[in-house]
Structures are given as structure tokens and as C-alpha cells.
Asks: 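Dumping the structure here so I can ask a few things about it.
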Amino acid sequence: MTGGQREQDEAEATADPAYIQHAREVAARAMIEGSGNVYADLGHDNADEMLVKARCVARIAVAIEARQWSHEQVADALGLPSAELTELLAGRFRAYSVDDLERLASRIEK
């Protein structure tokens, strides 16, 4: 249990039950169902392309984890400078085309 959850549980244990119910109802109304594309939900113009790019980067990350390669091994295998790989894996992939990311993902998945 996280510290925040523990604090919330303790607060609920000592709080007015009517207030707790009200807070839960407000929270439930504040939640909305997403479209499945966070970029579209945030209003990005090129949301579909961004989602495809994000999925390519996720494929790269999964392949890295499965192989248990070092950062240097991955950078060498992909032909990227280490700093560029760091940026890519941190989600800064706008400068890449979908084709470029597909190629990188395919290269690391071999």
C-alpha cells in the first residue's frame, strides 16, 4: 500500500460518511472514458501518427527488456548515438518518421 493510499484510508476511517460518499460521487463524475488514443484525447492534430510512433517505441523497449541488453548494446544495434537512444526511449520521438521507427523496431526485434 502506498503512503498516499494509507493516508486516504486513514482519512476515510475518521471522516464523515456523508462527505466520503459525496467525494466519491464527485470523483466518479470527473472521470471520463478515453478514446484509446491519448494523443487524440489531448487534442493533437496528428494523433493517429503519434500513437503509431509511440507503439513503435514501446516495441523497441519491450525488445530491449527481453534481450536484457545494455544501453550501449542497444545503441550499437540500432545505429544511434547513446544520447539519441535515451531521448527516444524517454518519449521524445516527434522528429522521427513512422517509417524510421518501424525500421528501428524491426531491427531490434530480429
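The analysis underlying the following values was restricted to heavy atoms, covering all of them including side chains, and did not include hydrogens, waters or symmetry mates.
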Asks: For residues Leu104 and Leu88, determine if any side-chain heavy atom of one lies less than 4.5 Å from a side-chain heavy atom of the other.
Replies: yes

Asks: Could you check whether any side-chain heavy atom of Leu101 comes within less than 4.5 Å of a side-chain heavy atom of Arg59, counting everything from C-beta outward?
Replies: no

Asks: How close do Ala40 and Ala47 get, counting heavy atoms only, and between which atoms?
Replies: N-CB, 3.3 Å

Asks: Are Leu89 and Val38 joined in one hydrophobic group, where the rule is that I, L, V, M, F, W and Y side chains link up if heavy atoms are under 4.5 Å apart?
Replies: yes

Asks: To the nearest 0.5 Å, tell me how far Asn46 CG sits from Arg94 CZ.
Replies: 6.5 Å

Asks: Is there a path of hydrophobic side-chain contacts, each under 4.5 Å between heavy atoms, that joins Val57 and Val98?
Replies: no

Asks: Keeping Asn37 on the side-chain end and Leu51 on the backbone end, is there a donor-acceptor pair under 3.5 Å?
Replies: no

Asks: Can you name the closest pair of heavy atoms from Ser35 and Asp41 and give their distance?
Replies: OG-OD1, 2.7 Å

Asks: Measure the spacing between CZ of Phe93 and CG of Asp100 and express it to the nearest 0.5 Å.
Replies: 13.5 Å

Asks: What are the two closest heavy atoms between Pro81 and Ala75, and how far apart are they?
Replies: C-CB, 4.5 Å

Asks: Would you say that more than 12 heavy atoms from the other residues, nucleotides or ligands in this model lie under 6.0 Å from the CZ of Arg92, or not?
Replies: yes

Asks: Calculate, to the nearest 0.5 Å, the distance between atoms CG and CD1 belonging to Leu80 and Ile60 respectively.
Replies: 8.0 Å

Asks: For the residue pair Cys56 and Ala105, what are the closest heavy atoms and their distance?
Replies: O-CB, 4.0 Å

Asks: Please find the pair of heavy atoms, one from Val52 and one from Glu102, that lie closest to each other, and give the distance.
Replies: CG1-OE2, 4.4 Å

Asks: Considering all heavy atoms of both residues, which atom of Ala77 and which atom of Ile108 are nearest to each other, and what is their separation?
Replies: CB-CD1, 4.3 Å

Asks: Apply side-chain contact (heavy atoms from CB on, under 4.5 Å) to Glu84 and Tyr96, showing your working.
Replies: CA-CA 11 Å; Glu84 194 171 328; Tyr96 290 89; 2.6 Å; yes

